[in-house]
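Lettering of chains follows the sequences in order, A, B, ..., and the numbering in each one begins at 1.
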Amino acid sequence: MSMAKGGARGVQSVEIGGRLLTALVTSRGQMMLRNLASIAEIAPAQAHAYLSSYKRAELVSQDSATGRYQLGPLAVRLGIARINSYAPLSESRDVAVELERQLGTMVLLSVWAAGAPTVIQVRQGNYPLNINTRPGTTMAPTATATGKIFCAFSKDENITIAQKAERKATSRSQNGQATKLQDFDKEITQIQKKGFAIADGSPVPTVCEIAAPIHNSEGRVLAVLSVLYPTDKIHNIKHQSLTPVLIGKCEQLSARFKSMLKSDDE
Amino acid sequence: MSGERERQRQSTTEARGIQSVEVSVKILEAFLEAPEPLMLREIAEISGYTAAQVHAYMVSFKRMGLVEQDRKSGRYGIGAAALDLAAARLRSFDPMHAASQAVEALCNETGVTVALTVWGSFGPTVVMVQNGVDTLYIDTRVGTVYSITGTATGLVFAAFLPSEIIRDAYRSEAREAGKTMRVGGLRPLSAIKDEIAIVRRRGYSTIATPPIPGTTVVSAPIFDYAGQLQMAITVIGNVDTQDFSEGSPDVARLMAAARRLSFEHGYVAQD
C-alpha cells in the first residue's frame, strides 16, 4: 500500500484534499484557485493537482468560462446516500411522508448543513403553495419557523453565530419586518417552552409554517419537521389541529432514537 | 542539483497525492448504492482495494466526518459531512447557467436550433433559444408556450411530470380554445397514450406533425437528483436535410447533452 502513507494514522493527502473540500463548503458560490488554495493553506500548484483529481472523479466541477471551482455532482449523490443509509434520517423522511398523507399539507424536513437550515425533503401536500421550496433550499435562520427551531434548540455554537449574523443583517434591512433583538430573544425563549415555532404569514405573506424539532440520541437537533399551509379564514383553527399532530410525530421519533442508544449500551 | 532533486521529490509527492485522492473517491463511491452501513470487507470488495488500504482511508474519512463507524457493529456509513457537501453543491449549482452552456455546445455540434424549456404557470415555456446555421422559419422564441399534446417538447412533460399536473394543465389549455399564442395543436390526452409510452421507453420524444411544416423535432428530458423533470432540451431541424432518426448521430448528441445535464443535477439514470 505504497499510496497510503500512514496506515492507522490515515492518509495524509486525503486530509489535505479535505481542506479544499471544506473551503468549497464554506465559500459562498464558486471560487478561484488562488482563493481556494489560500483558505485551505495549500500551495496553488498543489491545490491545482488535488482539484484536477477531484474533477476527474466529479466531486468538484470547474466552470469552463470563468475557471472557477465548485463542488461537483458527486457531492449531491453522497448527500443522498447519507439520507438513505443513516436510519434516523431515513426514518424521519418516512414520517414526513406519513404526515403529508395524514394532514394533506405541505411538509418539509430540514437539517443544518453547510452553515444553514437546508431542506432535504419536500412533500407538496394536496394543494400547491406558491413558494419555491425544493430539496437543497436554504431556510432563513431567523425568519422561518424551521430556522427558529434550530435557533431555540440547537446547542451548536456555529448555529448561534450564523443566526446572530443573519439577525444583524435583517435588522438593517428595509423590508419593515426586521425583528428587534430583544423581541427575537423573547420569542426564542417561548419556543423553547412550547416546543414548536409558528411563522404566520411570514416571510411569505400567503403561507403559514409550524415547525418542531426531532432530537437525536444525544438530545441534539437532528432535523426539523414543518408543515406549511395557506393563510386563510380558518388558518387559526388549523394551527390548533395541526400542531399536536406535528409535535406528536417529532416526539415519537426523538423517543425512538433515544431508546435506540439505550439498547446499544446494553 | 539538490534543487533538481527537491523538484523531483515534490512532483512524486504530488502524483502520489493525486493518486490517493482518486482512490479515496472510489472508496467513497462504494457507499452510493449501499442501503445501510457496510463492513470493512464489503467496502474493500465493492471498491476493489484491500481491507488494509481501505482501513487507512476510513481513519481519515472518520476524522473528516465523511464516514461514521458504528461502535457496536463496527460498520461504516457515510457521515454527516456528506450533507454539507451536498448542500453546498446545491447552493452553488446554477441550473440555467449549466443549461445555457449545454445548449450552446449542442448547437455548435449539430448546427441545428436548440431550445430549452421549463414548466411554467401556463405549461411548457421556452426560456432559451440558440439558432442553428440553417435559417429555418420557426415559431420558437424565448417566452413561447408549447401545447402539451401537439409538440415534441410538450410530450416530454406529458411523459415525465405527475399525471395530475398534466391533467390540470391540459384542462386549462383546452379552455383557451385556440385563442392564445400557444404553439401546437390540441389532441385528447387519450390519443397520446401510446406516444407517451414510447417517450418513456426511448427517453426522448418526436412529433409526427410538428406545428411548423418542414421541420423535424426531437426533445429530451433533464431530471434533478430526485428524478423530477426540470427542463426539456429540444432540437429543431429542416426535415429535408436533417436526420433525427433513432440512432442517428444528432439524436445521440442530444441524449448525451441531456444525460450530462441530469448528471450535473446529481441524477444518474437507473439502467
Side-chain angles (χ1 to χ4, degrees), chain A residues 1-18 21 24-30 45-46 49-50 52-54 56-59 61 63-65 70-87 111 113-114 116 118 120 134-136 138 264, chain B residues 10 13-26 28-29 31-37 50 52-53 55-64 66 68 70-72 77-93 97 101 224-226 263-268:
Chain A
M1 47 184 287
S2 63
M3 67 189 104
K5 236 200 286 181
R9 280 176 294 135
V11 184
Q12 197 196 4
S13 53
V14 170
E15 293 179 37
I16 294 171
L21 298 180
L24 284 166
V25 166
T26 48
S27 74
R28 307 220 149 195
Q30 310 186 5
Q46 203 190 1
Y50 277 95
S52 303
S53 297
Y54 281 133
R56 262 198 294 279
E58 303 276 6
L59 189 53
S61 10
D63 190 291
S64 55
Q70 63 177 320
L71 286 155
L74 184 60
V76 177
R77 297 177 63 204
L78 291 172
I80 295 168
R82 164 72 177 174
I83 297 166
N84 289 339
S85 66
Y86 183 58
V111 296
T118 306
I120 60 170
R134 306 168 12 94
T138 305
D264 269 4
Chain B
Q10 265 185 358
T13 317
E14 208 161 81
R16 199 181 283 167
I18 294 167
Q19 195 192 2
S20 56
V21 163
E22 288 179 21
V23 171
S24 75
V25 177
K26 275 193 203 117
L28 271 186
E29 282 177 337
F31 292 101
L32 286 181
E33 304 302 328
E36 46 193 39
T50 67
Q53 281 174 315
H55 182 258
Y57 285 92
M58 288 301 131
V59 171
S60 292
F61 284 151
K62 269 162 66 179
R63 229 170 353 234
M64 295 155 73
L66 272 175
E68 283 175 0
D70 187 82
R71 281 181 301 143
K72 227 168 115 188
I78 197 98
L83 286 173
D84 293 327
L85 295 178
R89 162 70 182 180
L90 289 171
R91 267 172 232 163
S92 68
F93 177 63
H97 179 66
Q101 290 181 327
D224 67 11
Y225 63 87
F263 181 80
E264 284 181 32
H265 278 86
Y267 177 77
V268 179

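Residues A:S61 and B:R89 form a side-chain contact, since some pair of their non-hydrogen atoms from C-beta on lies under 4.5 Å apart. Between B:L90 and A:V76, some side-chain heavy-atom pair lies under the 4.5 Å cut-off. For the pair A:T118 and B:R91, the minimum side-chain heavy-atom distance is below 4.5 Å. No side-chain heavy atom of B:E22 sits less than 4.5 Å from a side-chain heavy atom of A:Y54. The shortest distance between side-chain heavy atoms of B:Y57 and B:V23 falls below 4.5 Å. Residues B:T50 and B:H55 have side chains not in contact (no heavy-atom distance under 4.5 Å, counting atoms from C-beta outward).
Chain B forms the most heavy-atom pairs under 4.5 Å with one residue out of A:I83, A:L59, A:I120, A:L74, and that residue is A:L74. When each of B:A87, B:S60, B:A81 is scored by its heavy-atom pairs under 4.5 Å with chain A, the top score falls to B:S60. Note on A:S64, A:G72, A:S52: by heavy-atom pairs under 4.5 Å with chain B, the leading option is A:G72. Most heavy-atom pairs under 4.5 Å with chain B: of the set A:A81, A:S85, A:G136, this distinction falls to A:S85. Among the candidates B:S92, B:A34, B:G266, the residue making the largest number of heavy-atom pairs closer than 4.5 Å to chain A is B:S92. Note: A:L71 leads A:L71, A:T26, A:L24, A:V111 in heavy-atom pairs under 4.5 Å with chain B. When B:V25, B:L28, B:L83, B:L66 are compared by the number of non-hydrogen pairs under 4.5 Å with chain A, B:L83 comes out ahead.
When heavy atoms are compared at a cutoff of 4.5 Å, A:S27 does not approach chain B at all. Contacts of A:A87 with chain B are absent, with no heavy-atom separation under 4.5 Å from either backbone or side chain. Heavy atoms closer than 4.5 Å to chain A are found in both the backbone and the side chain of B:A80. For a residue to count as touching a neighbouring chain, one of its non-hydrogen atoms must lie under 4.5 Å from one of that chain's; by this rule B:H97 touches chain A with the side chain only. Neither the backbone nor the side chain of B:A226 comes within less than 4.5 Å of any heavy atom of chain A.
Every residue two or more places apart in sequence or in another chain that forms a ring pair (Phe, Tyr, Trp, His ring centres under 6.0 Å) with B:Y267 is listed here: B:F223. By the side-chain hydrogen bond (donor to acceptor under 3.5 Å, both in side chains) test, A:R82 is found to be paired with B:E68, residues two or more places apart in sequence or in another chain being considered.
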